[in-house]
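Here the structure comes first, spelled out in structure tokens, and everything after it is commentary.
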Amino acid sequence: MLQQTQVSRVAERFEVFVGQFPSASAMAAAGEEAVVAAWEGLGYYRRARLLYGAAVQICELHGGKVPRSTEALLALPGVGRYTAGSVASIAFDRRTPIVDGNVIRVVARLEAIDAAIDDPALVTRCWETAGALVRAAKSPGVLNESLMELGATVCKPGPPSCDRCPVRTQCAASRTGVASQIPRPKRRPVRQIVHLHTILFRRGDRVLLRQRPHRGIWAGLWELPSVESADSLESAAIETALGFKVGGLRPLETFKRLLTHREVRFHVFEASTRVRRGHWCDQAEAAKLAMAKPMRSLVDRRAWS
DNA sequence: AACTCGGGGTC
DNA sequence: GACCCAGAGTT
């Protein structure tokens with residue numbers, strides 16, 4: 001849950017989530033869709049599916065207990081070098097290094113390496129340094145957490161608080177006054193604009209929902225039937241792409257949401273025509289299905305009245 | 001090696 | 001608006 005997600009965001013959700021899935025076997029029994037639904041709003045939803053896969057694997061291969069070795073952890077779905085090292089060192093006291101965004105920033109400054117934060121050579125160097133530090137530490141878990149905490153609270157992105165830094169005298173970037181310029185920012189791709197034409201079908205207290213394709217943005221999450229395109233579409237084109245007759249679309253609203261790689265422009269319509277087939281949900285049923293944040297807000301705003 | 005995958009905090 | 005977040009998996 002902490003992957004690419006700020007601790008404060010996780011802290012709001014962690015207790016409820018763990019209460020719902022208190023063990024690997026409980027998560028495996030609950031099923032993937034329940035895990036994704038519990039993940040709603042956290043983003044990067046593939047993590048939820050991978051976590052479910054890890055729970056299944058832990059049950060089938062490890063008797064329901066989280067494996068203690070870094071290698072076995074690394075073999076679990078969704079567990080990479082960072083996550084394996086974190087669990088191994090912090091939970092199981094293994095002498096394994098970790099490198100996250102915080103550690104990269106700390107090491108880049110300590111050693112005054114002028115490179116972008118995602119530069120592969122810098123990242124490799126960080127694993128080496130983190131390895132040397134954890135080998136020399138009294139407690140691997142405490143060392144690893146300390147490195148991250150230092151990066152999160154003192155050696156922050158932007159101007160660091162070197163005056164409060166416990167290792168300032170050992171920091172090459174601080175000595176030469178370049179700490180605030182290291183590491184360099186990651187180059188970001190231009191955000192592509194995507195138009196999402198979203199159609200509200202209502203029938204009494206029910207609304208028509210469907211599941212998004214299993215790849216791409218919001219993969220496998222539920223939505224009001226939608227047509228995605230590079231440009232905004234006329235009603236006729238929306239009907240064609242939708243695959244069934246709509247017979248009149250009334251525009252309701254438009255809004256925009258920014259994701260890391262996309263700018264999603266919503267064009268919301270209401271259809272007057274009745275559609276018989278499909279997944280018609282009342283409010284309680286819809287509440288149990290995983291939706292992306294903007295889609296959930298839209299449904300809550302428009303579907304029940 | 002580059003790309004894809006959310007949503008929000010912070011400046 | 002830029003930049004980042006206790007990254008991993010795919011192409």
Side-chain angles (χ1 to χ4, degrees), chain A residues 1-14 36 39-54 73-91 96-108 115-124 126-127 130 141-153 155-161 180-192 194 196 212-221 223 255-264 290-297:
Chain A
M1 197 178 277
L2 284 162
Q3 291 165 359
Q4 287 291 285
T5 301
Q6 284 159 353
V7 174
S8 57
R9 308 295 302 146
V10 172
E12 301 166 351
R13 303 287 298 270
F14 186 75
V36 177
W39 200 268
E40 183 173 299
L42 283 166
Y44 286 167
Y45 296 94
R46 183 171 48 174
R47 294 180 297 172
R49 301 186 193 278
L50 292 166
L51 179 59
Y52 167 77
L73 287 163
L74 203 48
L76 296 172
V79 177
R81 203 174 174 187
Y82 164 78
T83 304
S86 292
V87 175
S89 65
I90 296 170
T96 310
I98 60 173
V99 171
D100 71 337
N102 291 306
V103 177
I104 294 172
R105 194 166 49 249
V106 169
V107 173
I117 192 164
D118 61 343
D119 183 285
L122 171 60
V123 175
T124 298
C126 288
W127 279 101
V142 171
L143 182 281
N144 285 340
E145 287 220 62
S146 302
L147 271 180
M148 293 190 291
E149 193 68 10
L150 182 64
T153 62
C155 198
K156 307 183 297 270
S161 308
S180 65
Q181 304 161 50
I182 291 179
R184 292 205 296 256
K186 175 170 14 179
R187 238 202 306 278
R188 306 204 182 256
V190 291
R191 218 169 348 227
Q192 300 291 328
V194 175
L196 199 61
R212 290 183 56 80
H214 74 283
R215 350 180 9 133
I217 195 81
W218 300 322
L221 301 196
E223 65 172 4
F255 59 92
K256 173 170 81 173
R257 286 294 178 275
L258 298 178
L259 309 182
T260 301
H261 293 81
R262 302 232 167 92
E263 174 180 327
V264 185
M291 293 183 205
K293 197 84 168 187
M295 191 61 69
R296 174 67 72 192
S297 321

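Since this is a predicted model, take the numbers as computed values, not measurements. Each chain gets a letter, A, B and so on, in the order its sequence line appears, and its residues count up from 1.
Dashed line: the shortest gap from a side-chain N or O of Q4(A) to OP1 or OP2 of dG7(C) is under 4.0 Å. Phosphate contact (OP1/OP2 of dC3(C), side-chain N/O of K186(A), threshold under 4.0 Å): absent.
The shortest distance between side-chain heavy atoms of R49(A) and V36(A) falls below 4.5 Å. Residues M148(A) and I98(A) have side chains in contact (heavy-atom distance under 4.5 Å, counting atoms from C-beta outward).
Relative to the side chain of Y45(A), the nucleotides dC5(C), dG6(B), dA8(C) differ in distance, and dG6(B) lies closest. In the set dC4(C), dG7(B), dT4(B), dG7(B) carries the atom at the smallest distance from any side-chain atom of W218(A). Of the candidate nucleotides dT11(C), dT4(B), dA6(C), dT11(C) has the atom nearest to the side chain of R215(A). With distances taken from any side-chain atom of P185(A) to the nucleotides dA6(C), dG8(B), dC4(C), the minimum falls on dC4(C). Nearest nucleotide to the side chain of P120(A), out of dG6(B), dC4(C), dA1(B): dA1(B). You'll find that the side chain of I117(A) is closest to dC5(C), out of dA6(C), dC5(C), dG7(B).
Residue-level contact check: A292(A) touches the backbone only, with heavy atoms under 4.0 Å from sugar-phosphate atoms and none from bases. R188(A) comes within 4.0 angstrom of a base, heavy atoms only. Backbone-only engagement by G78(A) is indicated by non-hydrogen atom pairs under 4.0 Å involving sugar-phosphate atoms exclusively. Looking at heavy-atom distances under 4.0 Å, V79(A) makes contact with sugar-phosphate atoms alone, never a base. Using a 4.0 Å heavy-atom criterion, one finds that P189(A) contacts no nucleic acid atom at all. Among the atoms of the strands shown, none is found under 4.0 Å from any heavy atom of R191(A). The residue R9(A) sits close only to the backbone: its heavy atoms come under 4.0 Å of sugar-phosphate atoms, none of a base. Using a 4.0 Å heavy-atom criterion, one finds that G216(A) contacts the sugar-phosphate atoms exclusively. Residue contacts shown for I98(A) are absent, as no nucleic acid heavy atom lies under 4.0 Å away. Among the atoms of the strands shown, only primed sugar atoms or phosphate atoms (P, OP1, OP2) are found under 4.0 Å from some heavy atom of R262(A). Using a 4.0 Å heavy-atom distance criterion, S8(A) is classed as making no nucleic acid contact.
Contact of T260(A) with dG6(B) (side chain to base): a donor-acceptor pair of N or O atoms is detected under 3.5 Å. Between the side chain of T5(A) and the base of dG7(C) there is no donor-acceptor pair of N/O atoms closer than 3.5 Å.
One side chain, T5(A) or R47(A), offers a donor N or O that lies under 3.5 Å from an acceptor on the other.
Atoms NZ (K156(A)) and P (dA2(C)) sit 23 Å apart, rounded to a whole Å. Between E12(A) atom CD and dG8(B) atom P there is a gap of 10 Å when expressed in whole angstrom units.
Side-chain atoms of E40(A) never come within 3.5 Å of backbone atoms of R296(A) as a donor-acceptor pair (strictly under, hydrogens ignored). Between the side chain of R212(A) and the backbone N or O of I217(A), at least one donor-acceptor pair lies under 3.5 Å.
Applying the 6.0 Å contact sphere to CZ of F255(A) captures more than 12 heavy atoms from other residues, nucleotides or ligands.
Remark on DNA chain C: of its neighbouring residues L258(A) and R105(A), the 5'-side contact belongs to L258(A), judged by nearest-heavy-atom nucleotide.
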